[in-house]
Structure formats: structure tokens, C-alpha cells
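Below: the structure, in C-alpha cells.
The chain is numbered in sequence order, starting from 1.
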Amino acid sequence: MSAASAARKRGKPNSGSGAAMAASKRRRKAESAGDKGKSKRGSRMNEEVSSDSESESVAPRRTEEEEEEELEETAQEKKLRLAKLYLDQLRQQEEEKAEAREFEEDQVAGRLKEDVLEQRGRLQKTVAKEIQAPDPGDIRILRGHQLPITCLVITPDDLAIFSAAKDCTIIKWSVESGRKLHVIPRAKKDVEGQPPGHRSHVLCMAISSDGKYLASGDRSKLILIWEAQNCRHLYTFTGHRDAVSGLAFRRGTHQLYSTSHDRSVKVWNVAENSYVETLFGHQDAVAAMDALSRECCVTAGGRDGTVRVWKIPEESQLVFYGHQGSIDCIQLINEEHMVSGADDGSVAVWGLSKKRPLALQREAHGLRGEEGLEQPYWVSSVAALLNTDLVATGSHSSCVRLWQCGEGFRQLDHLCDIPLVGFINSLKFSSAGDFLVAGVGQEHRLGRWWRIKEARNSVCIIPLRRAPQSPAAGS
């Protein structure tokens, strides 16, 4: 056996095959080294190229990291995060509730303050400057009476108007539609079985603050009590010795005050259909009266030249002087102040603490007549928006005038004129102050001294629009 075969038998390769295997190993190492060099050079090139877009690639990596953190959030961390969110929601809700409570407390405090001022008679809301002069085309005219309107009242809910006239009728009107809701006709003399009604001029009316009772007085010395809802006659009060010229309900009650040309003031209980008492003091025929919630009333004494405040429980009176003519109309502004008008053309504002007017506007509606013989226009009606600074006056000067009471009711400033031809025999503001109602006639409600043929006997509804407030004023 040869030496080569002996070596193959022992497992030793021959020299030729060993050299070939060594060469293949060296080639594989060189290739792997070349690949590593290429990858290193490529990575350096990538680093150089991506240096301009580092800012763009960082953000996505951070977002991915945040997402990974959120995914890796433990159950305990999730509970803590939700608890914090819940506490934040509770804190926000409590802050909102606190703000709402503070707002409500401010509203309640403001309302209580107004109530206290109202009870003391010192409440004076400023609304006059907001009133815009109405367009004559917006005035609604309701016609139904044959003779001059003498008086009117508005229901507490501002939905209906009652008007009365020298034709002895009473008409209930709808404010919204202007239609007649009911008519109480004139009662004919010596006719049996006819519905109750007035047989002479109706001079005054009043409605209770709950809108249940309507009272009307006439020249025949009678006071008729009606159910305001359906105009059904309930009672008739007798006792005055002359024409009934004024009626007023005490607010919040069914106590009725009446006054007459017999110079007396009477007190009635309408709910019990009973007479209470009579008070005396005026020296001439009483022309008008008014009352609010206190147990007292105010009267205009006509030609005796006085305004009187009657304290019913004490059976006493306060006497005020200031006008030079006959005081024909009066109305309370609040519990402590009132406004009156006279045939000397003056309008006066009074306070119960002083016997003289706080403000006196002479020739409130101007002068009439030939040069050298001028006479002031009579003030035939006054109205005041309760607890505000807004006052209206009427005459036969072809207009209704609106006035603003100054601070403390010590001044009267003219605001605007509302054109209306005829005698303005009655004026009433709505409870909300969004309209004014005027009773217009061709003659004065108490006589026939003049006659204006151009006038129309009618009820006029005058809308009162307020100027929009600026954001600064509203805040």
C-alpha cells in the first residue's frame, strides 16, 4: 500500500485539497470584510444626508414614544389619571354652582332692596330716558262710544281695558285685538226687567289689584260693583249725596275708597258688600282720588285748592297747598309721592313730608287765546308709571306730554309730545309700562265749556318703545 493511500485511511487530507480549502476561507473573509466596509460607509453617508431632516424625524419618534408610554401605562397610573379628571370636573361644577348662587343672591338682594324702598315710598326706577317718542301711525284708535270718554282702567294683567263715557255705557276692550269683549249698555228709566247699568254720565272707575272687581260711579250718586271677568252686576252702593267723582281700590285688598261732589270720602268693603265709614274735610266738590297699598288715599279738592292725604285708621288728614286754580286730577307715583294737575295749567309733584310741591311746572301745556289775552291750557288728566320717574299729562292742546321726574322728585323735565286731538280726559299706564292708554273726547269730562269738533270720542292705545341700551349701559 502506498503512503498516500495509507494517509487517506488515517483521515489526513492531501496537500492539494488543503490548499483549496484555505483559499476559499480567505475569499469568504475578504467578502465579509468588504460588506462591513460598505455598510460602514453607507451609514456615514446616511448620517450626512439625514442631518438636514433631523427636526422632521424627531417628532414622529417622540409621538411613537408617547404612544408606547400610553400603551405601557399601568392600571394604577390609569386610575390616578381618571381620578384627577373626575376631581377637575367636580371642581368646575362647584365653581359654576357658586357663580349661579351668587347671581341668585344678587337678584334676591336687589329685589329685597326694591321692596324695602317701595314700602318706604322711595323707589324711583329710571325709565323715562329710555322712552322713544312714538310714531303717530302706531297709535291704535278704538271707537265705540257715542259721547266723550270720561274715564278708563286697565286690568292688572294688561290684557283688557274698561272705558266709560257720557253716553252712560261701559265697554271692555281686548288690548291685543282691539275688539269689544263686552258692552254694559245704558239703563233706561222706568223700564222693568232690563239689565243693570248707569242712567247718567259715568265719571270714574276702579279695578281691584287681583282683577276680580270693577267699580264705577256716576252723576246719579251711585256706585255699581261688577265682576270684571264677565261684567256681571254684583252690588250697588248708595250713600253719597252728589255725583261720585273718584274711586280707588286699596292694593292687595277689596277695600274701596270713593269721593264725591258732596265733599266726603267713604270707605267700603266690596267682598262683604258693606259700608265702613265716612270722612269729611274738603271745602268744595272733590274732583279725583287715588290709593296704593297703605291704608290711606289721596284726593284732589277741586276749587278748594288743596290736595289731601287721608289716614283711614287715625281718621286724620294732611293738607297740601300749591296750585292756584282748581285741582282736577291726581295720581300716586309711589307710597310717598304724587302728581296733580290743575286748570291753571300747572303740574305739581308732591312728597308727603312737605306741604308744598317738590316740583311745580307752570303752563305745562302752553298758552291759548289771542295776544294779550292768553290763558294756560287746563291740565285735565295725569298718569304716573308706578315706582318710576315717568309721568304723562293731558289737556286739549292737541298732545299728550311725557315728563321725567328728576332725582328726588324735585324737578320735571319735558321729554316729548304725542299728538292727539281733543280733550284728554283720562290717562293710564300699563303695569309693564309698554303702552299708555288715553281716553279722548270732544268735551271736558266734567262739563261743556268747549267743544272740539275735529276730535273723535275714542280710546287710544299708545305704544311705548324703549331705546336699546348700549353694551356698556347694559353691563
Side-chain angles (χ1 to χ4, degrees), residues 150-157 160 162 164 168 170 172 182 184 187 192-282 285-301 308-318 330-332 335:
T150 55
C151 55
L152 54 83
V153 293
I154 306 173
T155 56
D157 56 11
F162 288 93
C168 311
I170 298 175
K172 182 179 181 180
H182 198 95
I184 301 175
E192 296 182 358
Q194 64 176 340
H198 291 279
R199 298 179 180 179
S200 60
H201 297 176
V202 183
L203 298 182
C204 53
M205 286 194 299
I207 191 167
S208 60
S209 57
D210 61 357
K212 184 176 182 180
Y213 296 113
L214 173 73
S216 56
D218 62 18
R219 284 192 176 275
S220 300
K221 317 170 192 177
L222 300 178
I223 301 172
L224 273 60
I225 307 298
W226 311 85
E227 188 175 343
Q229 182 65 29
N230 54 21
C231 298
R232 181 172 63 91
H233 178 255
L234 300 176
Y235 320 118
T236 299
F237 291 160
T238 60
H240 281 293
R241 299 180 180 180
D242 206 337
V244 180
S245 55
L247 291 168
F249 276 97
R250 181 186 174 194
R251 289 172 65 91
T253 73
H254 294 146
Q255 190 175 54
L256 176 68
Y257 305 119
S258 67
T259 192
S260 166
H261 290 175
D262 65 7
R263 301 177 289 179
S264 70
V265 173
K266 292 185 181 293
V267 184
W268 315 82
N269 189 322
V270 174
E272 298 179 1
N273 188 19
S274 61
Y275 159 79
V276 180
E277 62 178 321
T278 302
L279 304 173
F280 294 96
H282 279 289
V286 185
M289 77 181 315
D290 194 21
L292 287 177
S293 57
R294 291 182 182 175
E295 198 169 358
C296 67
C297 60
V298 297
T299 53
R308 300 187 184 229
V309 177
W310 303 83
K311 298 182 178 180
I312 306 300
E314 296 90 347
E315 295 185 3
S316 62
Q317 55 189 286
L318 302 175
I330 192 167
Q331 186 164 2
L332 285 161
E335 296 286 2

* Asked: Run the side-chain contact (heavy atoms from CB on, under 4.5 Å) check on Ile223 and Tyr235 step by step: do they pass?
  -> CA-CA 8 Å; Ile223 301 172; Tyr235 320 118; over 6 Å; no

[atom1] of [X] to [atom2] of [Y]: how many Å apart, nearest 0.5 Å?
{"X": "His201", "Y": "Thr150", "atom1": "NE2", "atom2": "OG1", "answer": "8.5 Å"}
{"X": "Trp226", "Y": "Thr236", "atom1": "CH2", "atom2": "OG1", "answer": "7.5 Å"}
{"X": "Lys266", "Y": "Leu247", "atom1": "NZ", "atom2": "CG", "answer": "13.0 Å"}
{"X": "Cys231", "Y": "Lys172", "atom1": "SG", "atom2": "NZ", "answer": "5.5 Å"}
{"X": "Glu227", "Y": "Tyr213", "atom1": "CD", "atom2": "OH", "answer": "8.0 Å"}
{"X": "Asn273", "Y": "Phe237", "atom1": "CG", "atom2": "CZ", "answer": "5.0 Å"}

* Trace of the side-chain contact (heavy atoms from CB on, under 4.5 Å) decision for Leu318 with Lys311 -> CA-CA 8 Å; Leu318 302 175; Lys311 298 182 178 180; 4.1 Å; yes

* **Donor + acceptor pair across side chains of His282, Thr299 (<3.5 Å)** => yes

Which pair of non-hydrogen atoms, one from [X] and one from [Y], has the smallest distance, and what is that distance?
{"X": "Tyr257", "Y": "Arg250", "result": "OH-CD, 3.8 Å"}
{"X": "Ser208", "Y": "Asp210", "result": "OG-OD1, 2.6 Å"}
{"X": "Met289", "Y": "Gly246", "result": "SD-O, 3.6 Å"}
{"X": "Ile184", "Y": "Pro196", "result": "CG2-O, 4.1 Å"}
{"X": "His233", "Y": "Ile225", "result": "CD2-O, 3.7 Å"}
{"X": "Val286", "Y": "Ser245", "result": "O-OG, 2.5 Å"}

* To do: Check the pair His240, Ser258 against side chain to side chain donor-acceptor pair (under 3.5 Å), reporting the backbone distance first and the verdict last.
  => CA-CA 9 Å; His240 281 293; Ser258 67; 2.7 Å; yes

* Under 6.0 Å from the CD atom of Gln229, do we count more than 12 heavy atoms belonging to anything else shown? -> no

